[in-house]
Novice: 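Quick one: the structure is below, questions incoming.
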There are 2 protein chains.
Amino acid sequence: MGTYTRKTPLKIDCPMEKTLHVISGKWKLALLCELNRGTCRLKDLEKYNSEASKRALTKQLSELVEDGIIQKKDYEVYPKKVEYSLTARGKELITVLEVLDEFGKQL
Amino acid sequence: MGTYTRKTPLKIDCPMEKTLHVISGKWKLALLCELNRGTCRLKDLEKYNSEASKRALTKQLSELVEDGIIQKKDYEVYPKKVEYSLTARGKELITVLEVLDEFGKQL
DNA sequence: CAGGATCCAGTGCGATACTG
DNA sequence: CAGTATCGCACTGGATCCTG
């Protein structure tokens with residue numbers, strides 16, 4: 001982790017390792033929490049995470065898209081307008097994050 | 001990241017980020033699963049994770065100890081004998097990992 | 001046997017500049 | 001405005017050696 005991916009995978013392809021991989025990334029939790037409040041454009045996410053580089057945000061957003069956690073809606077206009085939002089699977093992931101949150105409170 | 005720690009922390013000190021940090025590390029999930037089956041000595045954990053370096057294992061074990069997830073029992077004999085086992089908090093963490101595991105199955 | 005010290009490689013991310 | 005390319009650093013973990 002960074003998160004983080006095991007180079008030599010476990011013998012049993014491990015589901016919890018997959019989940020961990022999906023949410024590992026410096027800004028992913030923050031991005032997911034913000035998208036859980038509602039659809040966002042990149043510039044909004046940049047504003048909320050003013051310390052993050054654009055490079056990191058776009059990279060992590062594209063990973064989340066690949067993993068089916070969030071989706072893009074490209075309006076194909078100029079200047080560009082693209083909106084990000086949680087998928088159904090992404091909303092399920094939020095409930096998982098709430099479990100992490102509960103546990104984290106006692107740490 | 002790898003897991004992994006955010007250098008510039010979130011404004012709100014985020015519990016789920018803490019939990020994620022505690023379980024982020026190349027061998028931590030595997031270690032926790034093995035310790036969940038029962039008390040282990042370092043040499044056993046090395047055997048189960050034959051591809052892991054001793055350095056990585058001891059470092060991650062010590063982090064888990066620091067975070068109150070596992071505990072050491074040092075028999076203070078020679079040659080050394082030290083046993084690792086889950087704490088009460090560690091056992092609670094296992095239930096969290098089961099949630100990650102469930103979610104991971106649909107990925 | 002437990003585990004620390006040193007050196008090295010891979011990589012995630014920040015800063016910045018650029019394009020359509 | 002969204003997204004990419006380049007450069008450079010810092011951090012994690014691997015390999016190896018050494019100690020009590």
Side-chain angles (χ1 to χ4, degrees), chain A residues 1-10 17 20-31 34-35 39-67 70-85, chain B residues 1-10 17 20-31 34-35 39-67 70-85:
Chain A
M1 170 252 204
T3 248
Y4 182 81
T5 321
R6 182 189 298 273
K7 270 172 232 136
T8 49
L10 289 174
E17 194 106 34
L20 187 52
H21 179 250
V22 165
I23 60 177
S24 290
K26 187 162 176 180
W27 304 97
K28 281 189 185 173
L29 292 183
L31 290 172
E34 281 140 19
L35 289 173
T39 294
C40 279
R41 298 178 64 177
L42 178 57
K43 63 165 183 176
D44 300 323
L45 296 169
E46 286 186 274
K47 198 172 303 176
Y48 301 149
N49 302 285
S50 56
E51 298 173 272
S53 68
K54 179 179 289 190
R55 181 186 177 286
L57 290 185
T58 56
K59 182 143 185 294
Q60 305 206 353
L61 284 167
S62 73
E63 285 174 16
L64 290 169
V65 170
E66 268 182 54
D67 291 327
I70 66 176
Q71 58 199 333
K72 288 169 68 166
K73 181 173 182 180
D74 189 337
Y75 287 88
E76 300 187 356
V77 292
Y78 191 84
K80 291 193 177 180
K81 176 175 176 181
V82 176
E83 286 178 346
Y84 291 92
S85 58
Chain B
M1 302 196 325
T3 247
Y4 183 81
T5 322
R6 183 189 297 273
K7 268 171 238 142
T8 48
L10 289 174
E17 195 106 32
L20 186 52
H21 179 251
V22 165
I23 60 177
S24 290
K26 188 162 173 180
W27 303 97
K28 281 189 185 172
L29 292 182
L31 290 173
E34 281 138 20
L35 290 173
T39 294
C40 278
R41 298 178 62 176
L42 178 58
K43 63 166 182 175
D44 300 323
L45 297 168
E46 285 186 275
K47 199 173 300 175
Y48 301 149
N49 301 285
S50 56
E51 297 174 271
S53 69
K54 180 179 290 190
R55 180 188 178 282
L57 290 185
T58 55
K59 181 141 186 295
Q60 305 206 352
L61 285 167
S62 73
E63 286 175 15
L64 290 169
V65 170
E66 269 182 51
D67 291 328
I70 67 176
Q71 57 199 335
K72 287 170 67 167
K73 181 173 183 180
D74 190 337
Y75 287 87
E76 299 186 356
V77 293
Y78 191 85
K80 291 193 175 177
K81 176 175 176 183
V82 176
E83 287 179 346
Y84 290 93
S85 59

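Excluded from the calculations below are hydrogen atoms, water molecules and symmetry mates; all remaining heavy atoms, backbone and side chain alike, are included. Numbers restart at 1 for each chain; the letters A, B, ... are given by sequence-line order, proteins then strands.
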Novice: Taking side chain as C-beta onward, heavy atoms only, is K80(B) less than 4.5 Å from D74(B)?
Specialist: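 Counting from C-beta outward, K80(B) and D74(B) never come under 4.5 Å.
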Novice: Atom CD of E83(B) and atom C1' of dG3(C): how far apart are they, to the nearest Å?
Specialist: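 Going from E83(B) (CD) to dG3(C) (C1'), I get 17 Å.
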Novice: Under 3.5 Å, which donor-acceptor pairs link side chains of residues 54-62 of chain B to any protein atom two or more places apart or in another chain?
Specialist:
from	atom 1	to	atom 2	distance (Å)
T58(B)	OG1	K54(B)	O	3.1
T58(B)	OG1	R55(B)	O	3.1
K59(B)	NZ	E63(B)	OE2	3.2
Q60(B)	OE1	W27(B)	N	3.1
Q60(B)	OE1	K28(B)	N	3.3
S62(B)	OG	K59(B)	O	2.8

Novice: Are side-chain heavy atoms of T39(B) and Y84(B) found at a separation under 4.5 Å?
Specialist: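 With C-beta onward as the side chain, the pair stays apart.
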Novice: Compare side-chain N and O positions of Q60(A) against OP1 and OP2 of dG12(C) and report whether any pair is under 4.0 Å apart.
Specialist: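 It does not, given that no N or O in the side chain of Q60(A) lies less than 4.0 Å from OP1 or OP2 of dG12(C).
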Novice: Could I get a table of every N or O pair under 3.5 Å where one atom is in the protein and the other is in nucleotides 2-7 of chain D?
Specialist:
from	atom 1	to	atom 2	distance (Å)
dA2(D)	OP1	R41(A)	NE	3.3
dA2(D)	OP2	K43(A)	N	3.0
dG3(D)	OP1	K72(A)	NZ	2.5
dG3(D)	OP2	Y84(A)	OH	2.6
dT6(D)	O4	R55(A)	NE	3.3

Novice: What does the inter-axis angle of the helix from dC1(C)-dG20(D) to dG20(C)-dC1(D) come out as, five pairs per end, nearest 10 degrees?
Specialist: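 Roughly 40°, once rounded to the nearest ten degrees.
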Novice: Take atom CG of L20(B) and atom C1' of dG12(C), then tell me their distance rounded to the nearest Å.
Specialist: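 Value for this atom pair: 15 Å.
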Novice: Could you list the residues that satisfy side-chain contact (heavy atoms from CB on, under 4.5 Å) with Q71(B), not counting sequence neighbours?
Specialist: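 Result, side-chain contact (heavy atoms from CB on, under 4.5 Å) vs Q71(B): S85(B), T87(B).
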Novice: May I have the distance from H21(B) (atom NE2) to dC11(D) (atom P), rounded to whole angstrom?
Specialist: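 Result: 12 Å.
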Novice: Listed by chain and number, what are the side-chain contact (heavy atoms from CB on, under 4.5 Å) partners of K81(A), not counting sequence neighbours?
Specialist: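 If we apply the side-chain contact (heavy atoms from CB on, under 4.5 Å) test to K81(A), skipping adjacent residues, the hits are R41(A), Y75(A), V77(A), E83(A).
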Novice: With rounding to the nearest 0.5 angstrom, report the CG to CG distance, L29(B) to L20(A).
Specialist: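 Separation between the atoms: 5.5 Å.
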Novice: Got L31(B) and L45(B) here, is their nearest side-chain heavy-atom distance under 4.5 Å?
Specialist: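 Of all side-chain heavy-atom pairs linking L45(B) with L31(B), at least one is under 4.5 Å.
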Novice: Round to the nearest Å and state the distance from L64(A) atom CG to dG12(C) atom C1'.
Specialist: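 Result: 15 Å.
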Novice: Under 4.0 Å between a side-chain N or O of K59(B) and OP1 or OP2 of dG4(C)?
Specialist: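 Answer is no, no contact under 4.0 Å.
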Novice: State, yes or no, whether a side-chain contact exists between E34(B) and N49(B) at a heavy-atom distance under 4.5 Å.
Specialist: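 Answer yes - side chains close enough.
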Novice: Would you give the length of the straight line joining atom NE2 of H21(B) to atom OG of S24(A), rounded to the nearest 0.5 angstrom?
Specialist: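 Result: 11.0 Å between the selected atoms.
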Novice: Measure the distance from NZ on K26(A) to C1' on dT12(D) and round it to the nearest whole Å.
Specialist: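 After rounding, the reported distance stands at 15 Å.
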Novice: Please give, in whole Å, the distance from dC1(C) P to E76(B) CD?
Specialist: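 Value for this atom pair: 19 Å.
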Novice: Which is more 5' along DNA chain C, the nucleotide nearest L57(A) or the one nearest Y78(B)? Just name the residue.
Specialist: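 Checking each residue's closest nucleotide, the 5'-ward one belongs to Y78(B).
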